Protein chains: 2
Amino acid sequence: MATRTDAPTRREQILKEAARLFAERGFHGVGVDEIGAAVGISGPGLYRHFAGKDAMLAELLVGISESLLTGAKRRLAEADGVGGTAPEAVLDSLIEGHIDFALDDRPLITLHDRELDRLRDADRKLVRQLQRQYVELWVGVVRRLYPDLGEPAARSAVHSVFGLLNSTPHLTRPGSLPDRAGTAELLHRMARGAFAAASGA
Amino acid sequence: MATRTDAPTRREQILKEAARLFAERGFHGVGVDEIGAAVGISGPGLYRHFAGKDAMLAELLVGISESLLTGAKRRLAEADGVGGTAPEAVLDSLIEGHIDFALDDRPLITLHDRELDRLRDADRKLVRQLQRQYVELWVGVVRRLYPDLGEPAARSAVHSVFGLLNSTPHLTRPGSLPDRAGTAELLHRMARGAFAAASGA
DNA sequence: CAGGGAGGTTAGCGGTCGTTAACCTGGAGG
DNA sequence: CCTCCAGGTTAACGACCGCTAACCTCCCTG
């Protein structure tokens, strides 16, 4: 056991660099030779670790979707465990988790809604199902907090707030943006404000 | 004169279909043969109208950026013309214009922040400059309405609201979404709420 | 110390893609 | 009526790309 912070494996290096390159230039815009070069091996050496270029993208997208969903489920369970936390606190927790992810894994967030259609049917269905579960989980929390919101409106609002939170890659003109904590707090306030305004409140 | 609603020219057909295809499958994911097929001619026939595939993308992106910017300038001028319209009304006008665009030209909105890096240097610089002007114009209006917002925070807020408004393609699961007017109004309220929350208000 | 698998390498194949070349055609204009 | 050009066509070229094949090395293990 203890695969904790054990020096990243080759596979992980490859995935990380592939994610960065895919996000920068698009799935079709990156060649396997470039991905190989980014980790110091070259070209076909990648096939010792992955079945193909598609498999890398699939693993990335499935991984993101699973990680978002399980994180959200965990946060929701924690809240319910304390015997009915205030709905605002639950929503705050979801928002915080999403922001952490968007700020720490920018390339993945970019891929997440940009390259989904490049997947093979089976993988795409899986990813979409995970994404849908994630959205529905948010919708439930939002509607608990704003009961006057109809379900379609709540779903639209959730998608829009994702758009807001996922805008972080655009803020990333290297360097100068405030600091991480400040950005996170600003995004958090805006997300809450957007939901509040979506309802009648 | 009077090139009003004169049956769309071939060039316009091509641009429209190319925008749709680029948005669906990415610039590198679409072949010239497919673009040709989409307008009923095939493959190299496109070269009678465009210098190349890059030129189509460039024209699309420059067109979008110019159209957004000139629209916003017009709205701002109208407001100032009436001798100092309330800042809220100016912001509402900007938001409304952006939403109209996002709802009516979804493929273009998608391309706008997704395929910018596939342009040749000169075109990319031009597009970025237009985008920057557009952002700065919003930043000015937002800061006039919320003077307590610092410039970096205002700029971040503007980018985030763009993320929110540009999320429309994700709402577009064919058919069932509310109606256009309802969606527009929801997005408008959320954008205003997000800005208000960004400031201390 | 034999051997074998994990993880590389380079060469090259087959397919696709953007683009050019060469040719064709219908209809407007002198 | 001849001409010519705008706007198509098909063929083909060269580049590139994903992937496989064949081979080579460590290094770990019995």
Side-chain angles (χ1 to χ4, degrees), chain A residues 3 6-62 111 114-124, chain B residues 3 6-62 111 114-124:
Chain A
T3 7
D6 275 347
T9 156
R10 227 330 97 94
R11 280 190 113 251
E12 290 166 342
Q13 284 182 49
I14 295 172
L15 284 175
K16 186 178 161 209
E17 294 302 311
R20 185 179 53 82
L21 290 167
F22 289 161
E24 278 173 12
R25 303 217 284 283
F27 180 68
H28 294 298
V30 180
V32 291
D33 291 357
E34 298 176 76
I35 303 175
V39 297
I41 74 184
S42 222
L46 295 171
Y47 287 77
R48 300 286 166 193
H49 304 276
F50 293 94
K53 203 182 152 193
D54 299 346
M56 299 180 211
L57 182 65
E59 190 157 328
L60 284 170
L61 292 184
V62 172
L111 291 185
R114 197 167 289 200
E115 307 287 352
L116 187 81
D117 301 313
R118 282 64 168 170
L119 257 46
R120 292 210 315 310
D121 275 27
D123 295 318
R124 190 173 55 244
Chain B
T3 9
D6 274 347
T9 157
R10 218 349 81 100
R11 281 189 114 253
E12 290 165 342
Q13 283 182 51
I14 295 171
L15 284 175
K16 186 179 160 208
E17 295 301 311
R20 186 178 53 82
L21 290 167
F22 289 160
E24 279 173 12
R25 302 216 286 282
F27 179 67
H28 293 297
V30 180
V32 291
D33 290 359
E34 300 176 75
I35 303 174
V39 297
I41 75 183
S42 222
L46 295 171
Y47 287 76
R48 298 287 166 193
H49 304 276
F50 293 93
K53 203 182 153 193
D54 301 346
M56 299 180 211
L57 183 64
E59 190 158 328
L60 284 170
L61 292 184
V62 172
L111 290 185
R114 197 167 289 199
E115 307 286 352
L116 186 80
D117 302 312
R118 282 63 168 171
L119 256 47
R120 291 209 314 310
D121 275 29
D123 295 318
R124 190 174 55 245

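Per chain, numbering begins at 1; letters A, B, ... match sequence-line order. Keep in mind that this is a model prediction, so the values were computed, not measured.
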- Which part of the nucleic acid, if any, lies within contact of Gly45(B), taking any heavy atom under 4.0 Å across all strands shown: a base, the sugar-phosphate backbone alone, or nothing?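 Touches a base.
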
- Val39(A) near the nucleic acid: base, sugar-phosphate alone, or nothing, with a heavy-atom cut-off under 4.0 Å?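 If one applies the 4.0 Å heavy-atom cut-off, Val39(A) turns out to touch nothing in the nucleic acid.
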
Using atom [atom1] of [X] as one end and atom [atom2] of [N] as the other, report the distance to the nearest whole Å.
{"X": "His28(B)", "N": "dT16(C)", "atom1": "NE2", "atom2": "C1'", "answer": "15 Å"}
{"X": "Leu57(B)", "N": "dG18(C)", "atom1": "CG", "atom2": "P", "answer": "12 Å"}
{"X": "Phe50(A)", "N": "dA6(C)", "atom1": "CZ", "atom2": "C1'", "answer": "16 Å"}
{"X": "Arg120(A)", "N": "dG18(D)", "atom1": "CZ", "atom2": "P", "answer": "16 Å"}
{"X": "Asp54(B)", "N": "dC17(C)", "atom1": "CG", "atom2": "P", "answer": "16 Å"}
{"X": "Leu46(B)", "N": "dA6(D)", "atom1": "CG", "atom2": "P", "answer": "18 Å"}
{"X": "Ile35(B)", "N": "dT19(C)", "atom1": "CD1", "atom2": "P", "answer": "10 Å"}
{"X": "Asp33(A)", "N": "dT20(D)", "atom1": "CG", "atom2": "C1'", "answer": "14 Å"}

- Task: Give the nucleotide from the list dT9(D), dT19(C), dG8(C) with an atom nearest to the side chain of Tyr47(B).
- Result: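 Closest of the options to the side chain of Tyr47(B): dT19(C).
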
- Of the nucleotides dT9(C), dC19(D), dT19(C), which one has an atom closest to the side chain of Pro44(B)?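 Nearest listed nucleotide: dT19(C).
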
Please examine the side chains of [Y] and [X], heavy atoms only from C-beta on, and report whether any two atoms are closer than 4.5 Å.
{"X": "Leu111(B)", "Y": "Phe27(B)", "answer": "no"}
{"X": "Asp123(A)", "Y": "Leu61(A)", "answer": "no"}
{"X": "Phe50(A)", "Y": "Arg11(A)", "answer": "yes"}

- Message: If you compare every side-chain N and O of Arg10(B) against the phosphate oxygens of dG8(D) (OP1, OP2), does one of them come in below 4.0 Å?
- Response: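 Yes, such a contact exists.
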
- Message: On the nucleotide dG8(D), are OP1 or OP2 found under 4.0 Å from the side-chain N or O atoms that His49(B) carries?
- Response: yes

- Message: The test is side chain to side chain contact (heavy atoms under 4.5 Å, CB included); show your working for Ile41(B) and Arg48(B) and say whether it passes.
- Response: CA-CA 11 Å; Ile41(B) 75 183; Arg48(B) 298 287 166 193; over 6 Å; no

- Item | Backbone of Val39(A) reached by a side-chain donor or acceptor of Arg10(A) within 3.5 Å | yes

- Mapping Gly52(B) and Arg48(B) onto DNA chain C by nearest heavy atom, which one lands closer to the 5' end?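 It is Gly52(B), whose closest nucleotide lies nearer the 5' terminus.
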
